[in-house]
Amino acid sequence: MIRQLKQKKHSRKFKNSDDITEPHAKLLLERFPYSIKDLQFREVPTLHVNQDFFQDPFKTIDDLYAKGYEKFGIVKLLLPSELIVPEKKFFSDLEQKLKGKRVETRVQTLNSQQAGEIFGSNTVGYTLQEYMSYANKFECSHKLQGVREVSNQIRQNEIEFWSIVDFPDRYSELEVEYAADLLATKYATGYQDGQLGNLSTINKNCNSIFQVLQEKSEMSGISVPWLYLGMKYANFCWHKEDLNLNSMNYMHAGAPKTWYAIPPSHSEKFLQYFNKKYEKERIHNPRLLYDIVCQISPIELAEQQITILRTEQHPGELIITLGATYHAGFSHGFNCSEAVNVAPTQWLDEYERASTEYRMDGNLKKVSFPLEWLLTKVVLMADQVKFTKQSWNKIFDKFKVMIHSEIANRNSILVLYEQVKTVEFANKLEKYDRNVCKICSNYMFFSYIFCGKCLKKGCIAHQSVCACANPKISLYIRYNSEELQTMLKTVESKANSKTGQ
């Protein structure tokens, strides 16, 4: 299904790859502080896939994990060229789908992006044609702010982009706008009806934990795709995916993007450097990392012995991130991409790592959803969902630990307090976000303790929720112990079946 692409320079050119951007008159004699030698990084692993990929995309993900690609944290897949929709037709179709809707944009000033300033916003926004016109006009009028070093426009853009970010005072202010996070269900998907690879349905496939999500409970921007409209130098700053989920990012049409990624093994090293670099700024904005507004050059990170991978993404190419992979990048002109998060069973261990990291950081970032809720949906829909035997085994292992921990914590509460009143939820289908822990701000799906004196409630794992001298504790539970054990047996039977499905 997948085969290794020989490491060689990408021969594809976008329409302006041979353009010679006019140098900025004011800085005609100045060289950029960075050169092409500073931007030599290891290429992201690149693979060809055929149409079989779309019949069972999670099998390809399984293959990636089986062959050890998670150590890179990022992979680029090259799709069959005949599946790429011609650019003119693509944007014509997208315009019809948007029906004149205006899209808001983030206003990014390159000269202040290393400082971590919150982006401005253009709430009036643009129609697709207006944004395309604005992006193309910017690209045509932009003057290179230094001496051209290389003929390859993508690499020259790279030199200029990071030179402005890292040495902002040397250059004229450069402002761009990025139409990001356009919810596909609200605006439009870039995929045509019946087009293979549609990210709107990718999570309905076998071995996707998100296949249990129904329309009303799907999570915007996680299991539902976002559409992105970019322009030259519009960029996304260093970040990991929510809860270390995997992601798929497909480029529909337009100019390329340059991506940079940090393998999961260097994730902690990046976090330590980020916190040190922005120590003063984090005093005023502790959530700085999660605001995704800090652009640090890969050159600076490489100097800190942090491994950097790099690639260029062109139309018809799919970027997959795996686990705790920090990534960043920017566009080289007007383009359109679409992205969604995916949850193969290999991701299950990442949930605990991510949620622990959030707790260690003072819960400045909240978990998007409780894993207990998601896996319980899998169990309750066990006869409707499709997983291989190997995936059911992973689900069983995780669910078993979860259930045993839940029952043990409940027993501890009953021993710790006298006359604990146990109350079952009136509605077992009550949404997971109804109960939030007073201590850690996490969702309490299976149960919580409640003090009738101070009216505080919290996770049973904390065992205490208040400082009352004689607390009046009630234990609220969604499912009783017998029901939990029954659910566990359901998953066990699936794990022990011959085929899994």
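- Side chains of Ser331 and Lys232: a donor-acceptor N/O pair is absent below 3.5 angstrom, by distance only.
- For Ser297, the side chain to side chain contact (heavy atoms under 4.5 Å, CB included) criterion is met by Tyr34, Trp162, Asp166, Ile299, Glu300, not counting sequence neighbours.
- A side-chain donor-acceptor contact under 3.5 Å links His332 and Thr258.
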Open item on the list: One pair to check against salt bridge (charged side-chain N to carboxylate O under 4.0 Å, His left out): Arg310 and Glu158. What are the steps and the verdict?
Closed with: CA-CA 11 Å; Arg310 175 197 178 277; Glu158 207 171 352; 2.9 Å; yes
Open item on the list: Working note: Asp349 + Lys398, criterion salt bridge (charged side-chain N to carboxylate O under 4.0 Å, His left out); need CA distance, chi angles, decisive distance, verdict.
Closed with: CA-CA 8 Å; Asp349 290 335; Lys398 179 60 67 174; 3.3 Å; yes
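- Residues Tyr278 and Phe274 bring their aromatic ring centres within 6.0 Å.
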TODO: Go through the steps for Arg359 and Glu352 under the test salt bridge (charged side-chain N to carboxylate O under 4.0 Å, His left out), then give the verdict.
DONE: CA-CA 10 Å; Arg359 285 197 300 272; Glu352 184 59 33; 3.4 Å; yes
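- Checked for salt-bridge contact, Lys428 and Glu483 meet the test: a charged N lies under 4.0 Å from a carboxylate O.
- Counting heavy-atom neighbours within 6.0 Å of Lys489 NZ, excluding the residue itself, gives a total of 12 or less.
- Side chains of Tyr191 and Glu338 form a contact here, defined as non-hydrogen atoms less than 4.5 Å apart.
- Ser267 places none of its side-chain heavy atoms less than 4.5 Å from the side chain of Phe270.
- Checked against the 6.0 Å centroid criterion, the rings of Trp392 and Phe387 qualify as a close aromatic pair.
- For residues 443-465, the set of pairs meeting the side-chain hydrogen bond (donor to acceptor under 3.5 Å, both in side chains) definition, not counting sequence neighbours, comprises Glu406-Ser447, Asn435-Lys457.
- A salt bridge links Glu350 with Arg353: the closest approach of a Lys/Arg side-chain nitrogen to an acidic carboxylate oxygen falls below 4.0 angstrom.
- Looking at Asn275 and Arg282, their side chains do bring a donor and an acceptor atom within 3.5 Å of each other.
- The only member of Val44, Val75, Thr325 that meets side-chain contact (heavy atoms from CB on, under 4.5 Å) when paired with Leu309 is Val44.
- Residues Gln113 and Asn235 bring a donor and an acceptor atom of their side chains to less than 3.5 Å of each other.
- Of the N and O atoms on the side chains of Asp181 and Tyr228, at least one donor lies less than 3.5 Å from an acceptor on the other residue.
- Using modelled atom types, one finds no donor on one side chain facing an acceptor on the other under 3.5 Å when comparing Glu104 with Ser121.
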